[in-house]
There are 2 protein chains.
Amino acid sequence: MTEELYKNQAKSVIARALAVLGAFDVEHPLLTLSQLARRAGLPVATVYRLAGELEDGRFLHRDGAGRYGLGVRLWEMGLLTPVHGGLRETAMPFLLNLHYECGETVQLAVCEGTDAIYIEKLTSEVSVPVKSRVGAHIPLHATGVGKALLAFSPDAFIDAILTMPLKAHTSSTLTERRVLSRQLNQIAQRGYAQSDAEYQLGATSIAAPVVVRGTVKAAIGIVNYSARDDLAQYVPALLRATNGLALRLEDVEGTAYPSLSGLE
Amino acid sequence: MTEELYKNQAKSVIARALAVLGAFDVEHPLLTLSQLARRAGLPVATVYRLAGELEDGRFLHRDGAGRYGLGVRLWEMGLLTPVHGGLRETAMPFLLNLHYECGETVQLAVCEGTDAIYIEKLTSEVSVPVKSRVGAHIPLHATGVGKALLAFSPDAFIDAILTMPLKAHTSSTLTERRVLSRQLNQIAQRGYAQSDAEYQLGATSIAAPVVVRGTVKAAIGIVNYSARDDLAQYVPALLRATNGLALRLEDVEGTAYPSLSGLE
DNA sequence: AGTATTCTTTTCATTGAATGAAAAGAATAC
DNA sequence: GTATTCTTTTCATTCAATGAAAAGAATACT
């Protein structure tokens, strides 16, 4: 028998339900029933039923106009996730103090698969650049925090990333394997990473890893969008934050949360 | 002998799946398969299958030891929720500045059903009191932010809350309907609420509502755990924050997110 | 080491819960 | 006034979900 016989979506209820939830994204936080059905690729009647059940479980919420949005329950559950409860919560005071000390935007990121992902971002600016949104995925090879995470990762992981195509996000992005590899060594030696417009034009950053018992758990970065300040002056403060957090995580670890590493 | 609790029959797959996810809480962020099954009240084989599918969808995550935890996907989705994407994100710079100005713990809360719920909390302290955790539900009648939210709510809602039993969390909690009602009027007039050890001994706070087009969307509070400072001095800064946020929300509103109110 | 206990994974016959086309009911546009 | 799009309900069909049972691992106890 050919594969084609089986290809017509052998989807489980759960897969369908998750498809419904997955229909929402940053550009579409609110959807009508039919939009939802279209985006989830499912019949309206099916979505109607599934959405109803998800609403009962407070995973979906319906506003006055009948539009669906993700429910508070979902947000509450996100708080129980290791990245939040185990990491962000512990890191927050360190990030605050760092932000207080240097006045620049401060970021916390972890590895997630072959990307980095922003866990938290503290900024006094009212406007929110989409690229550095909390939850945004960013390349490991082209940002300060990304390179900090990468430089302190296991060799096997570094090799895996270096083998993949290194997308050029700006003209300054390092796309040469050997160049990047050499820089990662420097970073590992020096203890912190730098990035200048490698991902976003006009954005400069420094970043350092949070290493607990030899494993990189996260990275903290300081970003400046106007290049007016010399970020190098903040290296001591940055390292104080990463080291402080690392020690704190060592204390907390084991009691509650597991590895946050990207490789398992 | 067996105490046969009548098990959840006639449940849909989704209800079961949500029961699996719901088995996690702050005290149990990581569970083995059998713990998960027990807590969800479902057969192991069933949970095994459901958990597998949820894992495929990255709603669950399994660590090296085989323990389940809530997955990153769940956290990412929480970010798309109106409370986060619509409110927290916008409020962050205001909270940061306020924290910067007064150096005390700063909180952001909204109404959720008959409770208030902490959306964000900024503190420089490393230790984390559980009662004021982000995501924690807190009484409307016994905290600064709670009273600020309540005082500016529709009369129908206030009446509904006043009709419910007002639990005494400390000896200072206002449990008399008439006393509380009178104080709410004062708060509405004065523009901000105060609370002294009404929920947690040793905790003093002031709080003000974020009112957008006549509706309370949230409240911001300043808390002090040692009572050494006189919080009254920070009222102007607090009101600057709430008013600034209200104006900003007015701008953003409509374009993306719906009502965040507890009453619909 | 040997046995008991608890936990995880796989299997499979059974069935009832999920399905989605279709049509009715609302709301909105034209 | 009617055409169009969206929401809700119904229902006969069937296919996916079920969970008991047993095998397979791991861990604890003697």
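To find a chain, count down the sequence lines: A is the first, B the second, and so on, and within it residues start at 1.
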Look at the side chain of A/His84 and the backbone N and O of A/Met77, then say whether any donor-acceptor pair between them is shorter than 3.5 Å.
no

Heavy atoms from C-beta onward define the side chain here; which of C/dG20, D/dT8, C/dT10 lies closest to that of A/Pro43?
C/dG20

Looking at A/Ala65, is its backbone amide N or carbonyl O close enough to the side chain of A/Asp63 to form a donor-acceptor pair, meaning the two atoms are under 3.5 Å apart?
yes

Could you state the interatomic distance from CG (B/Leu31) to CZ (B/Arg67), rounded to the nearest 0.5 Å?
9.5 Å

Mind calculating the distance between OH (A/Tyr68) and C1' (D/dT8) to the nearest angstrom?
10 Å

Side-chain N or O of B/Arg62 less than 4.0 angstrom from OP1 or OP2 on C/dT9?
yes

Side chain of A/Ala45 - closest among D/dT9, D/dA16, D/dT18
D/dT9

Spacing between B/Leu60 atom CG and C/dT8 atom P, to the nearest angstrom
14 Å

Given 3.5 Å as the limit, does a donor-acceptor pair link the side chain of A/Arg177 with the main chain of A/Leu162, or not?
yes

Pairs counted as Watson-Crick or G-U wobble with both distances under 3.5 Å: what dot-bracket string results for DNA chain C, using | for bases tied to another strand?
||||||||||||||||||||||||||||||

Tell me, do B/Leu249 and B/Leu245 make a side-chain contact under 4.5 Å, heavy atoms counted?
yes

A/Leu31 atom CG is separated from D/dC6 atom P, nearest whole Å, by 13 Å

Output the rounded distance in Å from CZ (B/Arg67) to P (C/dC7).
15 Å

Nearest nucleotide by nearest heavy atom, which residue falls closer to the 5' end of DNA chain D, B/Leu50 or A/Arg38?
A/Arg38

Does the plane of the ring in B/His169 sit parallel, tilted or perpendicular to the ring in B/Tyr199? Use 30° and 60° as the thresholds.
perpendicular

Winner on side-chain proximity to A/Ser34, out of D/dA16, D/dT7, C/dC7, is D/dT7

Between B/Leu42 (CG) and C/dC7 (P), how many Å, whole number?
17 Å

Starting at atom CZ of A/Arg49, determine the distance to atom P of D/dT7, rounded to an integer number of angstrom.
16 Å

Under 4.0 Å between any heavy atoms, over every strand shown, what does A/Thr46 touch: base, sugar-phosphate, or nothing? Just pick one.
base

For D/dA17 and A/Arg16 - does any side-chain N or O of the residue sit under 4.0 Å from the phosphate oxygens OP1/OP2?
no

Presence of salt bridge, A/Glu53 and A/Arg16, under 4.0 angstrom:
no

Toward the 5' end of DNA chain D, which comes first, B/Glu53 or A/Leu33, by nearest nucleotide?
A/Leu33

Could you tell me the separation between the CD atom of A/Gln35 and the P atom of D/dT5, rounded to a whole number of Å?
14 Å

A/Tyr48 OH - C/dA21 P separation (whole Å):
17 Å

